[in-house]
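Quick notes on the structure that follows.
So you know, we letter chains A, B, ... as the sequences are listed, proteins then strands, and number each from 1.
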Amino acid sequence: RKEVEQDPGPFNVPEGATVAFNCTYSNSASQSFFWYRQDCRKEPKLLMSVYSSGNEDGRFTAQLNRASQYISLLIRDSKLSDSATYLCVVNPGGGADGLTFGKGTHLIIQP
Amino acid sequence: DTEVTQTPKHLVMGMTNKKSLKCEQHMGHRAMYWYKQKAKKPPELMFVYSYEKLSINESVPSRFSPECPNSSLLNLHLHALQPEDSALYLCASSQYKGGGEKLFFGSGTQLSVL
């Protein structure tokens, strides 16, 4: 089983719609979770950290389910500018020094 | 705008060339990283420096040689690369080494090896 799994998509979503994607992780000791956004040929940029209690930042909501080992990202009222690849990133714990990246979910917002 | 600066943004080199990628951050971060990213793939960790000391080398071929002259600078020296080394090379930094820290990425160097 891969350490961090995401549906690669693409997700084609009409502007204004709500879209959600999940990410599963294999290591139950994982401690920290993030969503990064990456535009084509650009660097990943931190979108939000994911906390156990869930957190919201404007139109974006992130949730963590430790029991089922998945995190989710919900985007409300999607904008054309939300089109990007969304990377699920996990700290595998156990003193690991690097973050583990999922392969990313490609989102296309259509006018 | 990213606070991690990478140069050059684009680089084309032959297999016999020697070149260097440069990265700089002034956020006071003590950990710096090199990642390699191929198209439609996630970034892959190459090297991690913590307090200017190399702490992780993910079995990267010796044709890639990292250097950390000080806490703000990170270089990646390239020599005798292969065409399959063509990729986006990303520098990142975090306050400290450790997976719990948020990474801040530079805009990357798009490398093409001919």
Side-chain angles (χ1 to χ4, degrees), chain A residues 2-10 21 23-52 55 57 62 64 71 84-108, chain B residues 1-6 9-10 21 23 25 27 29-51 53-60 86-112:
Chain A
K2 293 178 184 161
E3 292 188 60
V4 178
E5 290 200 63
Q6 294 182 253
D7 182 342
F21 9 94
C23 159
T24 58
Y25 59 94
S26 59
N27 186 341
S28 60
S30 297
Q31 298 172 355
S32 306
F33 309 88
F34 308 93
W35 284 104
Y36 278 76
R37 171 202 167 120
Q38 187 170 26
D39 294 290
C40 188
R41 294 184 174 269
K42 301 283 188 182
E43 76 275 20
K45 292 186 178 179
L46 180 66
L47 181 65
M48 56 199 308
S49 303
V50 187
Y51 303 119
S52 296
N55 47 304
D57 182 2
L64 167 63
I71 68 174
T85 295
Y86 290 83
L87 297 164
C88 173
V89 183
V90 175
N91 163 21
D97 296 309
L99 297 174
T100 301
F101 285 79
K103 291 189 174 181
T105 296
H106 188 41
L107 175 64
I108 301 170
Chain B
D1 288 337
T2 182
E3 296 182 73
V4 178
T5 304
Q6 282 187 248
K9 293 196 183 304
H10 303 275
L21 309 184
C23 176
Q25 58 86 15
M27 295 181 281
H29 288 175
R30 303 316 300 264
M32 296 186 77
Y33 309 75
W34 280 115
Y35 281 84
K36 172 183 176 180
Q37 187 175 24
K38 303 281 272 185
K40 299 187 185 297
K41 299 284 187 183
E44 297 175 8
L45 183 63
M46 300 175 73
F47 302 104
V48 180
Y49 274 86
S50 177
Y51 290 86
K53 291 191 182 339
L54 182 64
S55 69
I56 295 177
N57 175 346
E58 294 280 332
S59 301
V60 177
S86 299
L88 179 67
Y89 287 83
L90 293 159
C91 174
S93 71
S94 63
Q95 190 171 13
Y96 302 107
K97 177 172 73 79
E101 295 292 329
K102 301 168 191 174
L103 288 182
F104 294 84
F105 285 90
S107 57
T109 294
Q110 188 67 52
L111 174 67
S112 297

Can you name the residues that form a ring pair (Phe, Tyr, Trp, His ring centres under 6.0 Å) with A/F21, not counting sequence neighbours? A/F11, A/Y86
What orientation do B/F105 and A/F101 show, parallel under 30°, tilted 30 to 60°, or perpendicular over 60°? perpendicular
Residue pairs involving residues 24-37 of chain A (criterion salt bridge (Lys or Arg N to Asp or Glu O under 4.0 Å); sequence neighbours excluded): A/R37-A/D39
Interchain contact, A/Y36 with chain B, by part (heavy-atom threshold 4.5 Å): side chain
Could you tell me which portion of B/Q37 (side chain, backbone, both or neither) has an atom closer than 4.5 angstrom to a non-hydrogen atom of chain A? side chain
Comparing A/P44, A/G104, A/P8 against chain B, the one with the most heavy-atom pairs below 4.5 Å turns out to be A/P44
Would you mind checking which part of A/S49 comes under 4.5 Å of any heavy atom in chain B, side chain (CB onward), backbone (N, CA, C, O), both or neither? side chain
For B/K38, look at atom NZ and say whether over 12 heavy atoms of other residues, nucleotides or ligands are found less than 6.0 Å away. yes
